[in-house]
2 protein chains.
Amino acid sequence: MANRNPATLALSALGDGTRRSIFERLTRGPAAVVDLARGLPVSRPAVSQHLKVLKQAGLVREVADGTRRIYHVDPRGVGALRDWLDQHWRGALAAFQHYADDINDKESSP
Amino acid sequence: MANRNPATLALSALGDGTRRSIFERLTRGPAAVVDLARGLPVSRPAVSQHLKVLKQAGLVREVADGTRRIYHVDPRGVGALRDWLDQHWRGALAAFQHYADDINDKESSP
DNA sequence: ACTTACCGTAAGCCATGGCTAACCGAAATC
DNA sequence: GATTTCGGTTAGCCATGGCTTACGGTAAGT
């Protein structure tokens, strides 16, 4: 069930509220784990675990800086998610257009 | 923790694999609950429950047709998700640019 | 009217996964 | 080298939520 394609991994990762908070925070600039844990209602290990998931999803990367690990968003992962959404966005519009046409046909035919 | 804003609801909803399958199926055209349950490894009531979540997230809507309920994607919900992603996409690019600049500074300064 | 098809909901089971506490290693500072 | 800071990992607890079974209700067909 758990597909390995990037968009699927990204969506599963962002399905959790705490991970969304971390991700949104990182879109405003890189941060260390300690900094992320501050301002979140969960412990630091919890943040580490979430970062691991976000990393496996291709949404973030980290760079060592002394004992600190500076996390930043990975545009490639976000791009994959963007592609997935654009693709289904077009499909949604097309499907909705067909649906609207069918409604019009049904209303105007009798 | 569970925000009520449309993008948050949509992301939470699409975090589940079965719901993603249902949503992706509906982007290729409207379908009744029975049709959706066929081709999925879960029961029909499970599909109904997933559709309820997708509906509350603003991603789908349904139209009664006799005893059948024809579900179709709701472009507005998808649009909200698209806006959220575009916003953070820009943030990600800007943050990544700053990060790249910092790396260059660190490498060229000593 | 009876039957059939379609669907939403309630109750309950159980696996998933998010969380904390505790531990350990690595790097910087003194 | 001792201390401090930072962070990944493990073990285990427990709430969340996804699933099935069973039921009731509505609309179409005969």
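Heavy-atom basis, side chains included; hydrogens, waters and symmetry copies ignored. A note on names: the letters A, B, ... follow the listed sequences, proteins ahead of strands, and every chain is numbered from 1.
Minimum atom distance to the side chain of B:Val33 is reached by C:dC7, of the listed C:dC7, C:dC6, D:dG18. Nearest nucleotide to the A:Val34 side chain, out of C:dC6, C:dG18, D:dG7: D:dG7. Closest approach to the A:Arg19 side chain among C:dC6, C:dC7, C:dG18 is made by C:dG18 (side chain taken as heavy atoms from C-beta onward). Of the listed nucleotides (D:dC6, D:dG7, D:dG18), D:dG7 has the atom at the smallest distance from the side chain of A:Arg69.
Remark: A:Trp89 engages A:Leu93, B:Val78, B:Arg82 in a side-chain contact (heavy atoms from CB on, under 4.5 Å) (not counting sequence neighbours). When the side-chain contact (heavy atoms from CB on, under 4.5 Å) test is applied to B:Thr67, no partner is found at least two apart in sequence or on another chain.
In the model, A:Ser12 has a side-chain atom that pairs as donor or acceptor with a side-chain atom of B:Arg20 under 3.5 Å.
Taken over five-pair windows at either terminus, the axes of the helix from C:dA1-D:dT30 to C:dC30-D:dG1 are inclined to one another by 20° (rounded to 10 degrees).
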Review item, side-chain donor-acceptor pairs of residues 47-62 of chain B, under 3.5 Å, at least two apart:
{"unit_1": "B:His50", "atom_1": "ND1", "unit_2": "B:Arg19", "atom_2": "NH1", "d": "3.2"}
{"unit_1": "B:Lys55", "atom_1": "NZ", "unit_2": "B:Glu62", "atom_2": "OE1", "d": "3.2"}
{"unit_1": "B:Lys55", "atom_1": "NZ", "unit_2": "B:Glu62", "atom_2": "OE2", "d": "3.3"}
{"unit_1": "B:Glu62", "atom_1": "OE2", "unit_2": "B:Arg69", "atom_2": "NH1", "d": "2.9"}

Would you be so kind as to tabulate the donor-acceptor pairs closer than 3.5 Å made by side chains of residues 34-44 of chain A, with sequence neighbours excluded?
{"unit_1": "A:Asp35", "atom_1": "OD2", "unit_2": "A:Arg68", "atom_2": "NH2", "d": "3.0"}

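Between B:Ser43 and the phosphate of D:dT20, there is a side-chain N or O to OP1/OP2 separation shorter than 4.0 Å. Taking only side-chain nitrogens and oxygens, B:Tyr71 never comes nearer than 4.0 Å to OP1 or OP2 of C:dC6. Taking 4.0 angstrom as the limit, B:Thr18 places a side-chain polar atom (N or O) nearer than this to OP1 or OP2 of D:dC19.
In this structure, A:Ala64 reaches neither bases nor backbone, as no heavy-atom distance under 4.0 Å exists between it and the strands shown.
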Can you tabulate the close N/O pairs, meaning under 3.5 Å, that link protein atoms to atoms of nucleotides 9-14 of chain C?
{"unit_1": "C:dA10", "atom_1": "N6", "unit_2": "B:Gln49", "atom_2": "NE2", "d": "3.4"}

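When each of A:Gly66 and A:Val53 is assigned the nucleotide of DNA chain C with its nearest heavy atom, A:Val53 is the one assigned upstream, toward the 5' end.
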